[in-house]
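Just so it is clear: chains get the letters A, B, ... in the order the sequence lines come, proteins before strands, and each one is counted from 1.
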Amino acid sequence: MTAQVDPEVNGLQVRSEVAPAIELVHAARWYGNVVAVNDVSFSLGAGVTGLLGPNGAGKTTLLHMLAGFLAPSAGSVHILGRSPHRDPSVYRQIGLVPEREAVYPFLTGRDYVKFNARLQGLRDPDGAARAAIARVGLEDSMDRQIGTYSKGMRQRVKVAGSLVHDPQVLLLDEPFNGMDPRQRIAMMDLLGVLADEGRTILFSSHILEEVERVGTEILVVVAGRLAASGDFRAIRALMTDRPHNISIRSSDDRRLATTLMADPAVFAVELTPAGLCVQTAQLGAFRRLIAGASRAAGVRLLEVTPADESLESVFDYLVRR
Amino acid sequence: MSEVAPVGLIAAFMEISRVTLRQLLGRRRTLLLILLSALPVLLAVAFRAAGETEVERFTRRIFDTITMTILMPLVAILFGSGAFGAEIDDGTVVYLLAKPVPRWIVIAAKAITALAMAILLTGSSTVLAGIIDMAPAGSDGVSATMAQLLAVVVGSACYVSLFLAVSLFTRRALVLGIGYMLVWEGALSFMLPGIANLSIRQYALGASTAVYKLPLQEVRLSAETALLLAGVLVVSALVLATWKLMRFELPGGSD
Amino acid sequence: MTDPKRAAGVPATAPATAIAAATAPAGSIYDLGYRHYNGKRNGRGYAMWSLFVESFRGVWGLGRPMTAKAAPFILAGLYALPAVVQLAFSSVFAQRIAAGDQLQLLNYHNYFADFYFLAFLFCVAQAPELVCRDQRYHVLPLYFTRAMGRMTYAVARLGSLALSLFILLAAPALALFVGDVLMQSDAFKAVGDELPKALPSIPATALVAAGLASLSLAISSFSPRRAYSAIGIVAYILLMEAIPAALYSIGQTGGGSWTDKLFVFTPVTSLIGATYWFFGQPLDPQDFAGSLTSGTYLVASIGSIVVATAVLVYRYRRVPA
């Protein structure tokens with residue numbers, strides 16, 4: 001594998017580090033005539049990254065390639081500088097939470113996590129299991145059989161099992177499936193904490209709020225190809241052919257509206273009881289304009305917020321393009 | 001940071017073995033298998049009650065037609081193909097694969113557990129039935145029982161390792177196993193005596209002659225040949241299984 | 001699901017109008033255009049027919065990937081193979097028959113007796129495929145809450161397996177018939193000669209198909225796992241063949257002459273014996289120990305079909321949906 005490592009292959013540099021924890025270079029995977037992952041390149045370092053895409057986009061295939069369960073049909077996949085395929089020792093550094101809900105139903109939560117600890121060759125499986133269970137907050141039900149768990153509890157025990165050996169890289173496939181909103185928030189916070197400890201975390205999801213809350217770094221996969229990567233606000237800024245919506249509250253909305261309409265950067269202004277809604281093509285130009293315009297009109301700005309900086313709108317845009 | 005420490009390997013082996021044991025033994029199905037294994041014993045009791053205690057009749061009527069052609073293959077195929085089959089069907093095989101455990105340990109743990117369970121069921125049934133019905137035949141009866149136990153052990157080892165390997169290649173390993181048992185061992189081996197070298201039944205019966213010559217006409221292999229061929233089958237099946245597990249690719253899932 | 005009648009029942013234009021009060025802050029309910037079904041409802045008979053057709057396609061793997069077709073088609077092919085071989089060589093045989101040789105390799109009445117294990121294997125492979133997964137993945141309630149009742153479900157599944165088996169079993173009989181007709185110089189006369197010999201195949205095949213289908217499906221319905229269902233079918237049939245044989249051999253020396261009556265419990269031997277009744281052939285004492293007649297075996301087979309069907313229906317009445 002002497003391929004030229006080019007972190008800007010897809011036009012966006014994610015993070016520059018000496019040895020990226022996860023690195024794909026022109027990776028592709030096909031099954032017969034079906035291409036599941038097509039020429040994907042990116043590299044990730046410590047932090048949380050969301051892998052986004054509609055169902056069937058190739059997220060699971062991508063994660064399975066990273067986890068060494070699938071060899072790339074072309075290109076290369078490296079985790080911590082090593083190829084994970086056919087090298088079981090890599091799993092010392094990888095924690096994996098698969099998408100399927102199945103966990104040995106006859107084991108108790110504690111036994112399942114201990115099972116993982118023993119297979120990782122840990123010296124103190126009991127202690128490690130207890131600590132991992134505590135991290136996901138399952139202490140109360142750890143002695144119950146997993147078969148009696150709810151979906152959210154199963155997801156958490158899977159996360160505990162993948163954490164027990166303190167891996168450097170954590171791969172999670174749809175980790176929030178089946179969790180109620182409170183459990184989601186707890187899990188998102190946990191992922192944040194784990195990332196702050198210096199881990200590289202990649203999780204897939206097709207639900208946008210999840211990604212938005214956990215991290216701003218995203219990879220968007222559409223039909224097997226990487227459609228975008230990086231900070232989602234930065235991605236939004238690159239989408240110049242689509243007007244930005246900005247909502248403004250000020251001391252005199254009507255007056256401000258007339259001033260703004262005079263500027264060519266502004267497409268449309270809508271006056272609503274909640275404030276002004278402005279459409280503009282160039283965000284940068286508008287930012288420079290707004291301060292001067294308000295001062296000229298003698299209007300005091302109370303709040304300027306981008307109305308559609310939500311991930312959903314970014315995602316929608318990329319998927320439809 | 002390469003492989004798990006030696007102490008860890010034993011722990012991993014035990015852990016996989018423990019989970020496999022729980023997977024293979026559900027409450028209802030275990031009861032069913034125990035009932036199945038009890039049949040030769042019950043028939044032996046009936047034979048004894050009817051005053052039939054000859055080695056030859058027992059060997060033909062119970063050991064050969066029931067234990068060797070039905071019970072042993074069924075139990076061994078079920079455990080052999082189920083050791084991984086259930087994990088692959090449920091998707092729990094991921095938890096085994098995503099571990100820094102050498103693949104041969106995983107295969108060995110699965111195979112040895114499945115084999116131990118198969119032998120526990122069919123072996124104890126063979127010994128019990130043999131003792132019940134052939135004890136009056138004296139030392140001949142005891143040697144015949146031991147020979148039958150050896151045949152069951154060799155046969156189970158072959159079936160377990162072969163269909164454990166097959167289960168890594170296809171989800172229909174169990175049906176293939178039953179097909180092998182019915183078509184190859186059942187129908188074809190009567191039509192084509194030449195396939196003795198390729199028949200688990202012949203390996204098992206041949207091996208038993210090392211202890212005692214069971215009164216069955218169609219034992220075609222010597223003990224040495226049979227044991228050698230059985231050994232080759234077991235080792236190559238397990239090597240193949242390890243090779244396949246190293247390259248095991250998970251199905252794409254719903255994505 | 002792709003029934004045009006159902007599609008026709010859907011109103012063509014269902015506007016997704018949002019009746020939203022623009023100013024009032026109170027909540028409101030939107031009519032998102034939920035489409036009521038106003039078309040004709042075809043009722044239980046139609047539901048049963050649909051499931052029957054779908055099950056039949058499932059047994060043969062039609063509309064499914066090649067891997068699903070492999071087992072049924074290979075087994076059916078193997079079962080028909082000897083008859084087809086005979087058909088292929090029928091011209092050779094024809095010459096020898098013209099020369100006065102009496103040549104009968106395979107016959108209508110003993111074909112099943114010689115190759116039953118392939119039909120049996122077909123049941124082992126396909127019966128669990130047909131019903132186990134419905135229990136495994138808890139989709140039975142989806143059936144039972146529709147027009148389909150529990151009984152309808154059981155009957156439709158049974159019917160499709162029985163029809164599949166009928167086709168598998170009838171194919172070689174048809175090949176034998178064609179071969180026998182081709183062997184003779186005068187085809188019209190040959191049809192007249194052969195037909196009376198071949199016709200009993202139809203009721204005999206129907207009986208065998210019903211017998212094997214009801215038995216294997218009744219056993220399969222008790223386990224959600226395909227593996228255990230398959231083992232259950234094999235174990236039941238083989239043991240019910242072996243046990244009466246073993247006890248009969250005791251009876252012969254031990255003076256219990258009644259032990260040959262136990263053969264009525266053999267599933268396959270009974271079916272084979274019953275087919276001989278339709279052909280009016282004597283039972284070959286080499287294959288049929290004891291004094292039972294083909295008429296007794298016919299009664300035993302019909303009894304077995306009734307009991308197995310009752311068990312199947314009973315099971316689906318009780319099975320937790």
Side-chain angles (χ1 to χ4, degrees), chain A residues 29 31 34 36 53-65 67-71 84-107 111-112 114-123 125 158 161-162 165 167 171 173-174 204 206 221, chain B residues 1-30 85-107 109-110 168 242-255:
Chain A
R29 170 72 201 196
Y31 304 94
V34 183
N55 287 326
K59 300 187 296 285
T60 296
T61 304
L62 204 55
L63 284 171
H64 279 181
M65 268 160 63
F69 297 150
L70 289 173
H85 191 58
R86 294 188 204 169
D87 180 7
S89 61
V90 174
Y91 296 116
R92 286 243 158 135
Q93 300 302 323
I94 303 180
L96 177 78
V97 179
E99 181 188 8
R100 284 180 73 176
E101 215 180 279
V103 193
Y104 303 111
F106 43 80
L107 291 183
D111 281 345
Y112 168 73
K114 259 159 62 179
F115 165 84
N116 283 281
R118 292 220 175 90
L119 292 195
Q120 287 290 353
L122 300 187
R123 288 211 183 280
K158 274 158 60 183
S162 72
H165 58 297
L171 305 170
D173 201 353
E174 301 279 355
S204 77
H206 60 277
V221 192
Chain B
M1 205 207 281
S2 55
E3 303 265 280
V4 184
V7 181
L9 287 188
I10 295 166
F13 182 99
M14 298 303 290
E15 202 67 22
I16 297 171
S17 165
R18 213 162 60 99
V19 166
T20 306
L21 210 64
R22 296 288 299 271
Q23 269 171 329
L24 293 176
L25 294 181
R27 217 165 286 151
R28 236 174 26 160
R29 54 187 100 123
T30 317
E87 300 239 23
I88 295 171
D89 271 357
D90 294 346
T92 49
V93 70
V94 190
Y95 305 118
L96 289 179
L97 290 176
K99 295 291 182 298
V101 179
R103 295 329 188 202
W104 65 268
I105 287 274
V106 181
I107 296 287
K110 288 274 179 193
L168 291 171
T242 309
W243 179 88
K244 178 66 181 174
L245 194 66
M246 270 154 56
R247 284 153 187 79
F248 198 77
E249 299 203 332
L250 287 173
S254 63
D255 188 303

- prompt: Side chain, backbone, both or neither: which part of B:Glu87 has a heavy atom under 4.5 Å from chain A?
  reply: side chain
statement: For residues 97-107 of chain B, the salt bridge (Lys or Arg N to Asp or Glu O under 4.0 Å) pairs (sequence neighbours left out) are none
- request: Pick whichever of B:Ile105, B:Val106, B:Leu97 has the most heavy-atom pairs under 4.5 Å with chain A.
  value: B:Leu97
task: Measure from the side-chain N and O atoms of A:His85 to the backbone N and O of B:Arg247, and report whether any donor-acceptor pair falls under 3.5 Å.
output: no
- prompt: For B:Arg18, which residues count as a side-chain contact (heavy atoms from CB on, under 4.5 Å) partner, sequence neighbours excluded?
  reply: A:Asp111, B:Glu15
task: Let me know if A:Ala71 has heavy atoms under 4.5 Å from chain B in its side chain, its backbone, both or neither.
output: both
- request: Over 60° means perpendicular and under 30° means parallel, so classify the ring planes of A:Tyr104 and A:Tyr112, tilted if in between.
  value: tilted
